[in-house]
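Everything quoted here is computed from the prediction, not taken from an experiment. Just so it is clear: chains get the letters A, B, ... in the order the sequence lines come, proteins before strands, and each one is counted from 1.
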There are 2 protein chains.
Amino acid sequence: MNELQSSAAIDKYAASCTNCVLPGLCLRSGMPPEDVERLDRLVYTRRNVKQGKDLYRAGDPFSAIYAIRSGFFKSELVLQDGRSQIMGFHMPGEVLGMDGINAGAFACNAVALEDAEVCVIPLSRFEEISHGFFGVAHLLHQIMSREIVREQRMMALLGSNAAEARLAAFLVDLAERFSARGEATSDLKLPMIRKDIGSFLGLKLETVSRLFSKLRDEKLIEVRKKRIRILDMAGLKQLL
Amino acid sequence: MNELQSSAAIDKYAASCTNCVLPGLCLRSGMPPEDVERLDRLVYTRRNVKQGKDLYRAGDPFSAIYAIRSGFFKSELVLQDGRSQIMGFHMPGEVLGMDGINAGAFACNAVALEDAEVCVIPLSRFEEISHGFFGVAHLLHQIMSREIVREQRMMALLGSNAAEARLAAFLVDLAERFSARGEATSDLKLPMIRKDIGSFLGLKLETVSRLFSKLRDEKLIEVRKKRIRILDMAGLKQLL
DNA sequence: CGAACACTTGATGGTCCTCAAGTCGAGTGG
DNA sequence: CCACTCGACTTGAGGACCATCAAGTGTTCG
C-alpha cells in the first residue's frame, strides 16, 4: 500500500544509500562506491511504522525486503492455536523479510517495538537488477546465509538446557550487535517486554524476571526496568 | 580434494541433472527443461561419502554447495567446550552447505548417517553462472529462504515446552518429507541414533526413549529399533 | 565370543512452570 | 492534580516434568 503513495511523497521519502547515516551496515556493507550508487536505484521509498504496528503480517504477499533505518522490530510466528512465538529481534542496519522469498508470502509478523523507519526494496526490482549486478547478488546471498547462521546459533542456544545461560547469551548477543553499530555496549535499552524475551528464549516471563534478579544478585548486571547495564561481560560469557 | 580426482573419474561420476532420478526435487524442482540443461553445466562431479564420514567440517573453506542424491546426513555444530549440537537431518533431494556463504567457511559439520552420494556444485561456477542465468538465481534464493523458514519452524518447536509434542512434530516432519519424495509416509527408517534425536530436540536420549515408549503405549506408533511405524497420524498431529 | 555401543526402564532430585499476590509506572479522565 | 485503571514487572509457594544416575537387555562388529 505504501507503494501507492503520491509521487510527492515518494520524493519526500526517497532513499539515498549513498548518504545513509548507517555506518557501513545494512545492505551496502563493504560495497564499492559505484555499487552503492546502483543500490540506490533499487530503493524506491522509505516507510514509517508506528510503535506496535506491523511492517507486514504472515501471509501478506512477499513484495519487498526491508532494511531497518531506525527502531527495533520483533518477528513473531503465530501458531494454529493462536499462541505466538517470537522468532527474533531486529535492530537498525539489519534486514527483514528474507523468510518470504520461499513461499512468496511472509512467514512471520514483523512488529515495530518503537516508532521505526525502514528502506523498502521492492522484489520486482531487486531480482531483476541483481541479475545484471554481481555485487548485489553476492551480498544478498551473504545476508541470507547470515540469517541461516544466526538461526542455527539460536537453535543451539534453545537446545542447551540452562535457562540462565540462555538469558546471558541473549544479553551478550544484544551487546555485540549494539557494539557493531558503534553504540554503548554496556548500557542496553531493551524495548521488548519480558514476555517476548521469554517466548524468544523458550522461558516463561516469571522465569525471565527471576533470572534478571539472579544475574543482578551475582553482580553481573544492573536492572532498571528496560534498562540493563552489563557490569561483568566476562562473567556473563562464562555462563555459556 | 575430490575436485582433484582424475578426468576419468570425473567422467564416471559426471552428473546429469537432466537424467536425475530424483523426482522433481533437488535444485531443479519446477525448472523449465532448458534451464535444467544449463544447470548441468554447474555440476561437475558427484561424490561418495561413507557412513560416519563427513562431507565437510566446520571451518572448511566454503567451496561448493551439495545436493543430496542418496543417503541421510546430519549437520552438527561443535561448541567451544566440545559438546556438539545437532542442527538438522537432511535427506535426498535436499541441499547442504548454505550456511557457508556468509563467512566463506562452513559453520557446521555435515556427517553421512549412511553411505551417501551428493552432487557437487562448485562455488566458483555457481555465482558466476547464476549471474547470467535468471532461473538459477531465483531458485537459489528460494532454497535459502526455505532453509530460513525451516529453521524458524524448528526454533518455534524448541521454544514450545512439551517434550512429547517435540518428538511428535519430529516424526510428522519426517513423514511429510518422505511423502514429498513419494516414499512411504507411515513406515519410517530413522538412520540417526536416539542421542542425536535428543540433541536435535533439546532432550536427553533417555527422554527420547521414554517418549517413544509413551507414544507406543498410546497406540500412536510402533517402535522397532530404528524402524518407526506411524499408526495414527491424526493423533500425532493433535499433540502439537 | 567379548567388547563396545544402542537402547530401555527404574528411582530420585533439580529446574522451571503454574498459580497467586502485590508493587510500580504510564496513561486517562474527572 | 489526583484517583483510577491497566499493563509490566517482581517475588513467593508448590508441583510437574525432565535430567541425572544406575542397571540391565539387545545388537553389531572385529
Going by the rule salt bridge (charged side-chain N to carboxylate O under 4.0 Å, His left out), which residues pair with B:R83 if we only count those two or more places apart in sequence or in a different chain? B:D81
Remember a base hit wins even if backbone is also touched, and classify B:G198 as base, sugar-phosphate or nothing at under 4.0 Å, heavy atoms. nothing
Only distances under 3.5 Å count here; give the side-chain donor-acceptor pairs of residues 232-240 of chain B to other protein atoms, sequence neighbours excluded, each with its distance to 0.1 Å.
| residue | atom | partner | partner atom | Å |
| --- | --- | --- | --- | --- |
| B:D232 | OD1 | B:A234 | N | 3.4 |
| B:D232 | OD1 | B:G235 | N | 2.8 |

Residues at least two apart in sequence or cross-chain that pass side-chain hydrogen bond (donor to acceptor under 3.5 Å, both in side chains) with B:R177, listed by chain then number, are B:E94, B:D173
Contacts of type side-chain hydrogen bond (donor to acceptor under 3.5 Å, both in side chains), residue B:S145, not counting sequence neighbours: none
Taking the axis from the first five pairs and the axis from the last five, what angle separates them in the helix from C:dC1-D:dG30 to C:dG30-D:dC1, rounded to 10 degrees? 40°
Residue list, salt bridge (charged side-chain N to carboxylate O under 4.0 Å, His left out) with A:R229, at least two apart or on another chain: none
Please list every donor-acceptor pair under 3.5 Å in which a side-chain atom of residues 184-207 of chain B meets a protein atom from a residue at least two apart or in another chain.
| residue | atom | partner | partner atom | Å |
| --- | --- | --- | --- | --- |
| B:R194 | NH2 | B:K225 | O | 2.9 |
| B:D196 | OD2 | B:K74 | NZ | 2.8 |
| B:S199 | OG | B:I86 | N | 2.9 |

Could you list the residues that satisfy side chain to side chain contact (heavy atoms under 4.5 Å, CB included) with A:E151, not counting sequence neighbours? A:E147, B:I148, B:E151, B:Q152, B:M155
side-chain hydrogen bond (donor to acceptor under 3.5 Å, both in side chains) with A:R57: which residues, sequence neighbours excluded? A:D54
Counting primed atoms, P, OP1 and OP2 as sugar-phosphate and everything else as base, the B/S/- map of nucleotides 4-9 of chain C against protein heavy atoms under 4.0 Å is ---SBB
Identified salt bridge (Lys or Arg N to Asp or Glu O under 4.0 Å) partner of A:D115 from the options A:K50, A:R47, A:K53: A:K50
At the 4.0 Å heavy-atom cut-off to chain B, mark where contacts on DNA chain D begin and end, going 5' to 3'. D:dC18 to D:dT27
Rounded to whole Å, how long is the line connecting atom NZ of A:K204 with atom C1' of C:dA20? 16 Å
By side-chain hydrogen bond (donor to acceptor under 3.5 Å, both in side chains) - contacts of B:E164 (at least two apart): B:K214
